[in-house]
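Since the structure comes first, as structure tokens, the remarks are kept for the end.
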Amino acid sequence: MLTLNLIREQKDFVVERLKIKNFDAASLVDKILELDAIRRDTQKNYDAILADINRISKEIGELIRSGKKAEADAAKTKTTSLKEESRRLAERLDEIDKELRSELIKLPNLPHESVSPGHGAENNVKVREGGVIKELEETALPHWELIKKYDIIDFELGTKLTGAGFPVYKGKGAKLERALINFFLDEGEKAGYKEVLPPIVVNEDSAFATGQLPDKEGQMYLIGSDNYYLIPTAEVPVTNIFRDVILDAADLPIKTMAYTPCFRREAGSWGAHVRGLNRLHQFDKVEIVQIAHPDHSYEALEEMVSHVEGLVKKLGLPYRIMKLCGGDMSFTSALTYDFEVWSGAQKRWLEVSSVSNFESFQANRLKCRFREKGGKQNRLVHTLNGSALALPRIVAALLENNQTPSGIIVPEVLAKYTGFNIID
RNA sequence: GGAGAAAUGGCAGAGUGGUCUAAUGCGGCGGUCUUGAAAACCGUUGUCCCGAGUAAUCGGGACCGGGGGUUCGAAUCCCUCUUUCUCCGCCA
């Protein structure tokens with residue numbers, strides 16, 4: 001959520017910037033400013049009436065204390081009409097507030113000045129790439145064949161237990177999954193991230209604060225009996241740790257990471273590109289989150305990008321880093337880098353991580369601020385997050401790229417976690 | 001699931017209808033003293049909204065777990081929800 005101050009002071013700038021995201025904000029911004037003016041006016045009147053009531057009440061107290069009962073009773077009748085008016089204004093203020101807020105949350109975050117315009121993935125900008133793409137043998141199999149051949153991930157069994165998109169990891173498949181999680185967490189710890197193991201169901205307040213509600217409601221599984229949501233990403237519980245919190249500038253940046261299963265309904269997605277591990281309803285992910293000082297959040301972003309880059313390098317996967325164009329960025333992001341790894345048998349790039357700076361957009365909803373030493377006013381922090389990493393597509397790429405006639409070679413860095421170096 | 005108790009500022013903790021403008025202590029910040037530090041002493045202290053001002057600041061309003069109510073007036077009384085603690089039950 002953008003701050004009202006920004007919209008008030010730099011209306012034209014807001015409208016101009018949002019064009020990069022192909023969002024025409026002009027009429028929405030006007031409506032917001034109009035509602036804002038009404039709200040302030042209403043509040044001014046309301047506060048004045050409350051001040052009157054407070055003053056008269058104080059006088060009544062003094063009159064009663066000095067035994068002037070008749071005068072006190074007279075004063076009481078004066079407040080009757082004021083009370084009626086205050087009640088009316090309180091209702092009006094509440095209404096306006098809600099309306100203003102519901103409009104305000106329709107505005108996407110402003111893209112960073114370096115974000116280029118564009119409509120979709122085809123306009124994203126390649127930042128750099130690494131690793132070596134090897135040509136696989138003619139007989140190379142896509143991962144959905146490999147997992148059957150070695151019996152390590154079972155979709156049919158998952159369908160029996162739950163439904164499509166909920167695979168069962170078996171034997172070396174389960175162990176590989178566990179190894180990757182531990183590898184990612186250990187690397188994160190080395191990079192200074194504090195591990196947390198949060199709940200994987202959250203309440204409405206949390207889902208709202210990170211922006212999953214209201215616009216992505218249909219993407220989350222809802223536990224209706226308690227009105228809880230299964231998390232689509234650890235970003236939700238981890239970032240919400242900092243909801244309604246005032247931090248000390250000296251404590252920034254705060255680096256947190258979490259492994260969690262993630263749940264996505266992904267309604268309406270089918271086709272060859274979502275086969276096998278490419279898109280699941282439940283998957284594992286290690287997420288890194290930083291709460292940063294606004295003056296240093298882009299340094300934090302670069303640091304996160306190089307952390308993620310280190311992971312894919314160590315796994316020996318060919319990768320490229322894409323800077324998203326305005327049209328391909330999420331509603332809440334100011335700047336996003338996507339990591340893609342090469343899938344040898346599918347012969348295409350798979351997105352395995354998305355690292356973003358949300359600047360103060362999430363912090364404003366979260367009400368996460370910080371106090372600067374000697375500073376008069378609290379400021380909103382900047383929040384950032386990134387996958388480090390999402391497992392299924394990493395597994396898919398590892399299986400496909402590392403296949404040999406005798407089995408699938410496990411990357412060296414993982415061997416100490418798996419206890420084996422080949423899946424056969 | 002049953003019975004009882006509680007929720008107050010960064011923390012501890014007083015406050016049962018009207019100077020609560022929330023006592024006091026601890027902590028934090030600033031200062032005096034000191035070569036420096038500690039101790040002692042003095043001062044200061046939260047968040048949000050509205051208005052005035054270039055600004056320092058000033059004025060008004062809201063906030064004592066959340067929501068609602070009674071009253072001219074609520075931290076204080078009533079209703080409701082949530083959470084925590086104690087005891088009992090159940091349980092990996």
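Residue numbers begin at 1 in each chain, while the letters A, B, ... track the order of the sequences. For the numbers below, each heavy atom of this structure counts, side chains included, while hydrogens, waters and symmetry mates do not.
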Checklist entry - Atom CG of A:Asp97 to atom P of B:rC48: distance rounded to whole Å? => result 16 Å
Next on the checklist: One pair to check against side chain to side chain contact (heavy atoms under 4.5 Å, CB included): A:Val127 and A:Met322. What are the steps and the verdict?
Outcome noted: CA-CA 6 Å; A:Val127 177; A:Met322 309 296 287; over 6 Å; no
Item to check | From B:rU47, B:rG73, B:rC50, nucleotide with atom closest to A:Lys83 side chain | outcome: B:rG73
Checklist entry - Do A:Glu16 and A:Lys19 meet the salt-bridge criterion of a basic N to acidic O distance under 4.0 Å? => result yes
Next on the checklist: Please confirm whether the shortest side-chain N or O distance from A:Arg40 to OP1 or OP2 of B:rC49 is below 4.0 Å.
Outcome noted: no
Give me, pair by pair, the N or O atoms of the protein and of nucleotides 58-64 of chain B that are less than 3.5 Å apart, along with how far apart they are.
unit_1	atom_1	unit_2	atom_2	d
B:rG60	N2	A:Asp47	OD2	2.9
B:rG61	OP1	A:Asn54	ND2	3.2
B:rG61	O2'	A:Asp47	OD1	3.0

Item to check | Pairing of A:Arg55 and A:Glu59 as salt bridge, 4.0 angstrom limit | outcome: yes
Every protein N/O lying under 3.5 Å from an N/O of nucleotides 17-22 of chain B:
unit_1	atom_1	unit_2	atom_2	d
B:rG18	O2'	A:Arg65	NH2	2.9
B:rG18	N2	A:Ser57	O	2.7

Checklist entry - Over how many whole Å does the gap from A:Leu93 atom CG to B:rG51 atom P extend? => result 12 Å
Item to check | d(NZ, A:Lys44; P, B:rA52) in whole Å | outcome: 7 Å
Item to check | Check: A:Glu372/A:Asn378 side-chain N/O donor and acceptor closer than 3.5 Å | outcome: no
Checklist entry - Any salt bridge between A:Lys255 and A:Glu303, counting N to O under 4.0 Å? => result yes
Checklist entry - If you pin A:Asn378 and A:Thr77 to their nearest nucleotides in RNA chain B, which one's is more 5'? => result A:Asn378
Next on the checklist: Side chain of A:Ile246, heavy atoms from C-beta onward: which of B:rU47, B:rC72, B:rC50 has the nearest atom to it?
Outcome noted: B:rU47
Item to check | Euclidean distance, atom CG of residue A:Asn227 to atom P of B:rU82 [Å, nearest integer] | outcome: 14 Å
Next on the checklist: Once you apply a heavy-atom cut-off of 4.0 Å, does A:Asp41 come out as touching a base, just sugar-phosphate, or nothing?
Outcome noted: nothing
